[in-house]
2 protein chains.
Amino acid sequence: MAGGRQRSFDKQQALEQAMRVFWQKGYVGASLMDLTTSMGINKPSMYAAFGNKEQLFILATQNYLQNYAADHAVFLHQPDTPLITRLKNYLMSAVASQCGKDGPKGCYLSVCVTEAAAEDMPAAAQQTIHQAKGLAEQTLTQFFQQAQAEQQLSETHDPVVLAQYFVTWLHGTAAMARADKCLTELEATIDLALKVIEPKPH
Amino acid sequence: MAGGRQRSFDKQQALEQAMRVFWQKGYVGASLMDLTTSMGINKPSMYAAFGNKEQLFILATQNYLQNYAADHAVFLHQPDTPLITRLKNYLMSAVASQCGKDGPKGCYLSVCVTEAAAEDMPAAAQQTIHQAKGLAEQTLTQFFQQAQAEQQLSETHDPVVLAQYFVTWLHGTAAMARADKCLTELEATIDLALKVIEPKPH
DNA sequence: ACCATTTTATACCGTTCGGTATAGAATTGC
DNA sequence: GCAATTCTATACCGAACGGTATAAAATGGT
């Protein structure tokens, strides 16, 4: 057993760049040329480090879920904050990300879910997206269930429908961000979207 | 001047099939093999009839706008119907279409807008999408403005923001439909989405 | 120093892409 | 019937795709 020449690039950093390319172009749209150029390496190095394009995509997706998608959820559980405020902060964080705050326009999962429906993706990649696409809805469902248990949300609401509604809305803002709507325009509809949970008294 | 052999396929019918392929796979994802197979013709016939892939896409997009997207708008102007009912019928018609009632899953424009942001589309195709993507928002803005002029909608609402909100929501349902959500699931959130315009009194 | 091992870089593989040349089949005008 | 014209079908083009063979450059163990 002996070590040879050491890798001249940071694997995590390369994965991060690959994630951004998939984020912008989807799985099929991201060519190996696009990927390796952004990663700053060449093809054999990518294959040695990640296996192939499909496994690179799976790792990039996991990296997105852990280091990007999960970041917004912390706003849902900030202590000493009203439920409506926590939810608004969560939505604003997500929408800011969609508008290009820390990555390409739109939502990585929205792009890949849209592409996966075309059935041009390898099976394992498609299944990775299939498993990931329900996570936000699960998170929000638990959030609303807990809020009801803690008497912070009326029992007249259905946590499942509520979660579905906000995930739907977030997929919508992701599409609008992809269509070059700016952050302030999208924020204008956040208060409107939040009315469903706390109808404005008249 | 003389006529030669006559075309053995119906041009409009072939265009319709091409539209369905672009609807499912987007511009880049739809290969000439996919297109010509679905259209029931071979490549030279396609090039003779439509020019090239890009022009076929432009015609297919126009066909979608005229024969599919415009169909839902009629519900907005049905006489002797309350505003909220007309809006609900409009949304339900659109969502039913997104769930595959008369075409592939999702929304043709949502798919192409998502793809256009990757910048892998030829210029003319990208511009076609760019021009089309604002139509629904225009339609709804005019709808809400007219409703205010006819005293059917409170002046406290902003027609532009309201239109933006519903277009956002419809892009969201399109993504959910692509993710294989069924019609009944999506319909469950329609009443929720409509609450923004008529807050439930308590 | 030297060999085993690992990474890098270039060049290449078969396949599929959008697009076309070419030849045969079908239709009209005369 | 015959020439001119138009469509169809097969075969092909250069380019780009995902993936790999191969050899040089760089490291660690002894």
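All chains are named by letter (A, B, ...) in the order of the sequence lines, taking the proteins before the strands, and each is independently numbered beginning at 1.
- Inspection of the Gln78(B) and Tyr90(B) side chains reveals no N or O donor paired with an N or O acceptor under 3.5 Å.
- In this structure, Ile41(A) places its CD1 atom 13 Å from C1' of dA9(C), rounding to the nearest Å.
- Put simply, NZ on Lys53(B) is 16 Å from P on dT16(C), counting in whole angstrom units.
- Put simply, CG on Leu35(A) is 12 Å from C1' on dC17(D), counting in whole angstrom units.
- Remark: Ser45(B) is in phosphate contact with dT8(D), judged by side-chain N or O atoms under 4.0 Å from OP1 or OP2.
- Of the two residues near DNA chain C, Tyr47(B) and Phe9(A), the one whose nearest nucleotide lies more 5' is Phe9(A).
- Considering only heavy atoms from C-beta on, Trp23(A) comes within 4.5 Å of Met19(A) through its side chain.
- dC17(C) atom C1' lies 14 Å from atom CG of Asp120(B), rounded to whole Å.
- Gln62(B) and Gln66(B) are not linked by any side-chain donor-acceptor pair at a separation below 3.5 angstrom, with hydrogens and angles left out of the test.
- Contact check, Asn42(A) against dA9(C): a side-chain N or O comes under 4.0 Å of OP1 or OP2.
- With distances taken from any side-chain atom of Asn52(B) to the nucleotides dC7(D), dG18(C), dG19(C), the minimum falls on dG19(C).
- Listed nucleotides: dA25(C), dT8(C), dA21(C). Nearest to the side chain of Arg5(A): dT8(C).
- The CZ atom of Phe50(A) sits 11 Å away from the P atom of dT8(C) (whole-angstrom rounding).
- Toward the 5' end of DNA chain D, the nearer of the two residues Gln6(B) and Pro44(B), judged by each one's closest nucleotide, is Gln6(B).
- Residue Met33(A) contributes atom CE, which lies 12 Å from atom P of dT10(C) at whole-angstrom precision.
- A cation-pi arrangement is not found for Lys88(B) relative to Phe75(B), the charged atom failing to lie both closer than 6.0 Å to the ring centre and inside a 45° cone about the ring normal.
- Checking the phosphate oxygens (OP1, OP2) of dG19(D), no side-chain nitrogen or oxygen of Lys43(A) falls inside 4.0 Å.
- Once rounded to the nearest 0.5 Å, the distance linking OG of Ser38(A) with CD1 of Ile41(A) reads 10.5 Å.
- The side chain of Ser8(A) contributes an N or O atom lying less than 4.0 Å from OP1 or OP2 of dT8(C).
- With rounding to whole Å, Phe57(B) atom CZ is found 14 Å from dG19(C) atom P.
- The CG atom of Leu32(A) sits 16 Å away from the P atom of dC17(C) (whole-angstrom rounding).
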